[in-house]
Amino acid sequence: MRQFNSTDRRALVAATCLLGLGTVVRITLAPDTAEIAWRPATAERAAETLVQARRDVNEALDREAEATRPLGPQERIDINSADETVLRRLPGVGPSRAAAIVRDRKSRGPFRSLQDLSRVPGIGQGLIERLSPHIDTVSASEMSSVRLTSRGIDINRAQIKDLEQITGIGPALATRIVAYRARHGRFATVDDLLRVPGIGPKKLEILRDEVFAH
């Protein structure tokens, strides 16, 4: 049997330590089976989250574009049906006042006259006079006869809340329809809805029986 001197023993100990360290590193750093299976699922969830985030950003931009769109010379807004985004188009009505109008309307019922706006905190006589050329106070029953006819809903007059009554249209898509109309003008035909992001041929066929373009 070979006799190891002190140098041989030190070399053997060093080699053994290096071998052990390498094994520990491989075990520590190498992914196990569960980790390998987890990574694709995590990547897929991350991609879905990114898509949803982009969608949320686009919808927020659409709402902001609608809120800052100037009123037309003869355009009037129905304060009993307009949502916060549309109400912000009125002069002197920012996000907080628009939210206050909607809250008051929900808790106390529709505004039956222009002066009823005075019941909303932050709205005084001066602002009411400033708003008077730009608003209507159509009652709920009158609104239904104007917005919803035997032909359906007029996509060239409907506001966001009106469009939400249509099968398959939620707040996000209703906002995109109004925003598209604001940027590009009225829809010549119902088929023009295909130009709105989120409306394809199948969705259009669902909508066709409930809308018209006047």
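Side chains are part of it too, since the values below use all heavy atoms of this structure and drop only hydrogens, waters and symmetry mates. Note that the numbering runs from 1 along the sequence shown for the chain.
- A salt bridge links D191 with R208: at least one charged nitrogen is closer than 4.0 Å to a carboxylate oxygen.
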* **Working for salt bridge (Lys or Arg N to Asp or Glu O under 4.0 Å), residues D78 and K161** => CA-CA 11 Å; D78 177 9; K161 288 299 183 183; over 6 Å; no
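- In this structure, R76 CZ and L90 CG are separated by 10.5 Å, a value rounded to the nearest 0.5 Å.
- Across all their heavy atoms, A98 and R88 have their closest contact at CB-CG, 3.8 Å.
- Panel note: side chain K203, backbone G198; no donor-acceptor pair is recorded below 3.5 Å.
- Salt bridge absent: R63 and D83 never bring a charged side-chain N and a carboxylate O closer than 4.0 Å.
- Heavy-atom minimum distance, P171 versus T175: O-OG1, 2.8 Å.
- Distance check, rounded to the nearest 0.5 Å: CG of L50 to CZ of R45 gives 15.0 Å.
- Proximity of E75 to R69: side-chain heavy atoms (C-beta onward) are separated by under 4.5 Å at one or more points.
- Scanning all heavy atoms of the two residues, the minimum distance from L114 to S132 falls at CD2-CB, 3.4 Å.
- Of all non-hydrogen atoms in I123 and I128, the two that sit nearest each other are CG2-CG1, 3.8 Å.
- Counted within 6.0 Å of CZ on R54, heavy atoms from surrounding residues, nucleotides or ligands total 12 or fewer; the atom is thus considered open.
- Residues R89 and P70 have side chains not in contact (no heavy-atom distance under 4.5 Å, counting atoms from C-beta outward).
- Side-chain atoms of N80 never come within 3.5 Å of backbone atoms of P110 as a donor-acceptor pair (strictly under, hydrogens ignored).
- For S107, the side-chain contact (heavy atoms from CB on, under 4.5 Å) criterion is met by no residue, not counting sequence neighbours.
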* To do: For side chain to side chain contact (heavy atoms under 4.5 Å, CB included), just list the numbers for L163 and V211, CA-CA rounded to whole Å, side-chain angles, deciding distance to a tenth of an Å, and then say yes or no.
  => CA-CA 9 Å; L163 292 167; V211 300; 5.7 Å; no
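- Atom-to-atom distance recorded for L117:CG and I79:CD1 is 4.0 Å, nearest 0.5 angstrom.
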* To do: Determine, stepwise, if the pair H214 / R157 fulfils side chain to side chain contact (heavy atoms under 4.5 Å, CB included).
  => CA-CA 8 Å; H214 184 269; R157 297 180 61 197; 5.7 Å; no
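- Atoms CD1 and CD1, on I166 and I153 in that order, are 4.5 Å from each other to the nearest 0.5 Å.
- For the residue pair G122 and L127, the shortest heavy atom distance occurs at O-CD2, 4.5 Å.
- Once rounded to the nearest 0.5 Å, the distance linking CD1 of I155 with CD1 of I177 reads 7.5 Å.
- Looking at heavy atoms from C-beta onward, V196 lies out of side-chain contact with R181 at the 4.5 angstrom threshold.
- Put simply, CD1 on I169 and CG on L207 are 4.5 Å apart, with the number rounded to the nearest 0.5 Å.
- Counting only N and O atoms by type, the side chains of E210 and T167 include a donor and acceptor under 3.5 Å apart.
- A 4.5 Å side-chain heavy-atom check between N156 and F212 finds every atom pair outside the cut-off.
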* Check step by step if side chain to side chain contact (heavy atoms under 4.5 Å, CB included) holds for L61 and E64. => CA-CA 5 Å; L61 291 173; E64 192 61 27; 5.6 Å; no
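- The ring-ring contact (aromatic ring centres under 6.0 Å, His included) search around Y180 returns H184, F187, not counting sequence neighbours.
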* Can D62 and R183 be said to form a side chain to side chain contact (heavy atoms under 4.5 Å, CB included), step by step? -> CA-CA 10 Å; D62 287 342; R183 294 173 186 168; 3.4 Å; yes
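- Using a 4.5 Å heavy-atom threshold, the side chains of I199 and L173 count as touching.
- L87 and L71 fall within the same hydrophobic cluster, defined by Ile, Leu, Val, Met, Phe, Trp and Tyr side-chain heavy atoms under 4.5 Å apart, directly or through other members.
- By the 4.0 Å N-to-carboxylate-O rule, R112 lies too far from D116 to be salt-bridged with it.
- Side-chain contact between Q115 and Q125: present, with at least one pair of heavy atoms (C-beta onward) separated by less than 4.5 Å.
- Side chains of P91 and H134 form a contact here, defined as non-hydrogen atoms less than 4.5 Å apart.
- Side-chain atoms of D162 come within 3.5 Å of backbone atoms of Q159 as a donor-acceptor pair (strictly under, hydrogens ignored).
- The shortest distance between side-chain heavy atoms of K202 and E205 does not fall below 4.5 Å.
- Between L204 and V190, the closest heavy-atom pair is CD1-O, 3.5 Å.
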